[in-house]
Amino acid sequence: MKEIFERRSIRKYSKLSISDSDIENLLRAAMSAPSAGNQQPWEFILIKDKNIMSDITKIHPYSQMLKEAQLAIVVCADLDKEKHSGYWVQDCSAATENILIEAQHLGLGSVWLGVYPREDRVTGLKEILNLPERVIPLSIISLGYPAEKKGPSNRFDKLRIHINEW
Ligand SMILES: Cc1cc2nc3c(=O)[nH]c(=O)nc-3n(C[C@H](O)[C@H](O)[C@H](O)COP(=O)(O)O)c2cc1C
């Protein structure tokens with residue numbers, strides 16, 4: 001729970017690289033997410049190449065931190081793996097959030113970059129990553145050891161809670 005309460009978006013990173021075992025843990029966390037009917041429609045693209053990171057910053061207006069990132073994980077859905085139509089967005093969002101929480105656990109900084117449903121970002125990313133037609137990128141997670149500190153956000157708001165009816 002500590003990881004959930006302390007996680008913040010980190011957009012500045014040190015030059016320390018992320019170990020393969022940590023990368024595997026991030027992906028194990030992702031694939032532990034719940035999905036509709038356990039359909040697990042996700043696929044993950046690991047990006048370590050600086051040139052590809054830089055190409056992404058040209059098609060995604062809020063992704064400049066990728067220039068400093070040690071790793072990016074693109075969370076995609078393979079629509080051929082869907083058994084319950086339309087739920088892939090929720091499945092892949094759950095996988096994305098699990099990566100953020102595991103990153104916090106490992107002492108890594110991360111930020112979720114939204115891709116879907118912005119058509120231009122989806123098309124641009126499909127082209128850069130050579131994705132098949134049936135594969136749709138939902139998010140990019142930018143990762144690295146933090147070079148900035150942020151305190152926990154306290155967004156708890158009792159007014160957002162409704163008991164039994166609105
Ligand atoms: C669906 C989604 C899309 C987001 N897209 C971006 C993005 O493109 N660029 C970015 O810097 N942050 C992005 N964020 C991070 C949010 O800005 C951040 O989570 C929010 O401001 C709350 O701050 P916190 O994560 O530090 O608690 C995105 C977050 C979500 C959930």
Side-chain angles (χ1 to χ4, degrees), residues 1-36 38-78 81 87-118 121-122 124-126 128-129 131 135-156:
M1 292 309 286
K2 190 172 176 288
E3 283 82 359
I4 291 179
F5 290 122
E6 293 183 355
R7 182 215 56 82
R8 296 295 312 279
S9 291
I10 297 298
R11 300 181 176 87
K12 293 186 186 349
Y13 313 105
S14 80
K15 291 193 165 29
L16 262 180
S17 61
I18 303 174
S19 71
D20 287 345
S21 73
D22 281 356
I23 295 173
E24 184 173 319
N25 281 329
L26 294 168
L27 297 167
R28 280 183 185 279
M31 294 185 219
S32 300
S35 61
N38 200 21
Q39 61 182 353
Q40 305 171 53
W42 41 61
E43 299 281 343
F44 303 91
I45 311 213
L46 303 180
I47 301 171
K48 298 177 182 179
D49 185 315
K50 294 279 174 206
N51 294 321
I52 300 176
M53 301 266 202
S54 164
D55 287 347
I56 295 174
T57 65
K58 289 173 196 146
I59 59 104
H60 191 304
Y62 308 110
S63 67
Q64 298 313 304
M65 76 296 286
L66 286 176
K67 289 179 179 153
E68 272 186 45
Q70 292 300 318
L71 173 72
I73 301 176
V74 182
V75 181
C76 302
D78 179 348
K81 293 191 170 69
Y87 280 107
W88 69 267
V89 176
Q90 290 154 81
D91 301 339
C92 290
S93 296
T96 302
E97 177 69 7
N98 273 13
I99 293 176
L100 302 186
I101 303 303
E102 177 65 12
Q104 179 74 18
H105 180 68
L106 295 169
L108 292 164
S110 69
V111 56
W112 176 331
L113 308 181
V115 178
Y116 183 87
R118 295 285 173 269
R121 297 181 201 171
V122 171
L125 212 52
K126 277 186 143 198
I128 294 169
L129 303 177
L131 301 180
V135 175
I136 306 180
L138 174 99
S139 64
I140 304 168
I141 302 149
S142 172
L143 291 142
Y145 282 95
E148 64 173 335
K149 261 199 156 146
K150 288 184 181 174
S153 64
N154 182 4
R155 292 191 282 251
F156 182 70

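Keep in mind it's a predicted model, so treat the numbers as computed, not measured.
Between I18 and L106 there is no side-chain heavy-atom pair separated by less than 4.5 Å. No side-chain heavy atom of L113 sits under 4.5 Å from any side-chain heavy atom of I56. Counting only heavy atoms from C-beta outward, the side chains of I47 and L129 approach each other to under 4.5 Å. The side-chain heavy atoms of P61 and R121, taken from C-beta on, include a pair separated by under 4.5 Å. In this structure the side chain of V74 never reaches within 4.5 angstrom of the side chain of V115, judged on heavy atoms. Considering only heavy atoms from C-beta on, L27 comes within 4.5 Å of L46 through its side chain. Between F44 and I99 there is a side-chain heavy-atom pair separated by less than 4.5 Å.
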Item to check | Test side chain to side chain contact (heavy atoms under 4.5 Å, CB included) applied to W42 and S35, step by step | outcome: CA-CA 9 Å; W42 41 61; S35 61; 4.0 Å; yes
Next on the checklist: Working note: L71 + L108, criterion side chain to side chain contact (heavy atoms under 4.5 Å, CB included); need CA distance, chi angles, decisive distance, verdict.
Outcome noted: CA-CA 11 Å; L71 173 72; L108 292 164; over 6 Å; no
Item to check | Verdict with reasoning, L131 to C76, per side chain to side chain contact (heavy atoms under 4.5 Å, CB included) | outcome: CA-CA 9 Å; L131 301 180; C76 302; 4.2 Å; yes
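Within a 6.0 Å sphere centred on OH of Y87, other residues, nucleotides and ligands contribute 12 heavy atoms or fewer.
Side-chain atoms of K50 come within 3.5 Å of backbone atoms of A69 as a donor-acceptor pair (strictly under, hydrogens ignored).
To the nearest 0.5 angstrom, N98 atom CG is 11.0 Å from S93 atom OG. Summarising the geometry, atom CD1 belonging to I136 is positioned 9.5 Å from atom SG belonging to C92; distances are rounded to the nearest 0.5 Å. Distance CD1/I52 to OG1/T57: 12.5 Å, rounded to 0.5 Å. We find the NZ-CD1 distance between K48 and I23 to be 4.0 Å, quoted to the nearest 0.5 Å. Taking CZ of R118 as the start and CD1 of I59 as the end, the distance is 13.0 Å to the nearest 0.5 Å. With values rounded to the nearest 0.5 angstrom, W88 atom CH2 is found 5.5 Å from L138 atom CG.
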Under 3.5 Å, side-chain donor or acceptor atoms of residues 1-12 against the rest of the protein: list the pairs with distances, not counting sequence neighbours.
| from | atom 1 | to | atom 2 | distance (Å) |
| --- | --- | --- | --- | --- |
| K2 | NZ | E6 | OE1 | 3.3 |
| E3 | OE2 | H105 | ND1 | 2.6 |
| R8 | NH1 | G151 | O | 2.9 |

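Residue K126 comes nearest to V135 through the heavy atom pair CE-O, 2.8 Å, listed as atom of the first residue, atom of the second, then distance. Closest non-hydrogen pair, L66 versus A72, comes out as CD2-CB, 3.9 Å. The heavy-atom pair separating W112 from S139 by the smallest distance is NE1-CB, 3.6 Å. In terms of heavy-atom proximity, A94 sits nearest to A33 at C-CB, 3.7 Å.
Taking the six-membered ring where the residue is Trp, H60 and Y62 present perpendicular rings, their angle passing 60° and hence far from 30°.
Residues forming a side-chain hydrogen bond (donor to acceptor under 3.5 Å, both in side chains) with E43 (at least two apart in sequence, or on another chain): K81.
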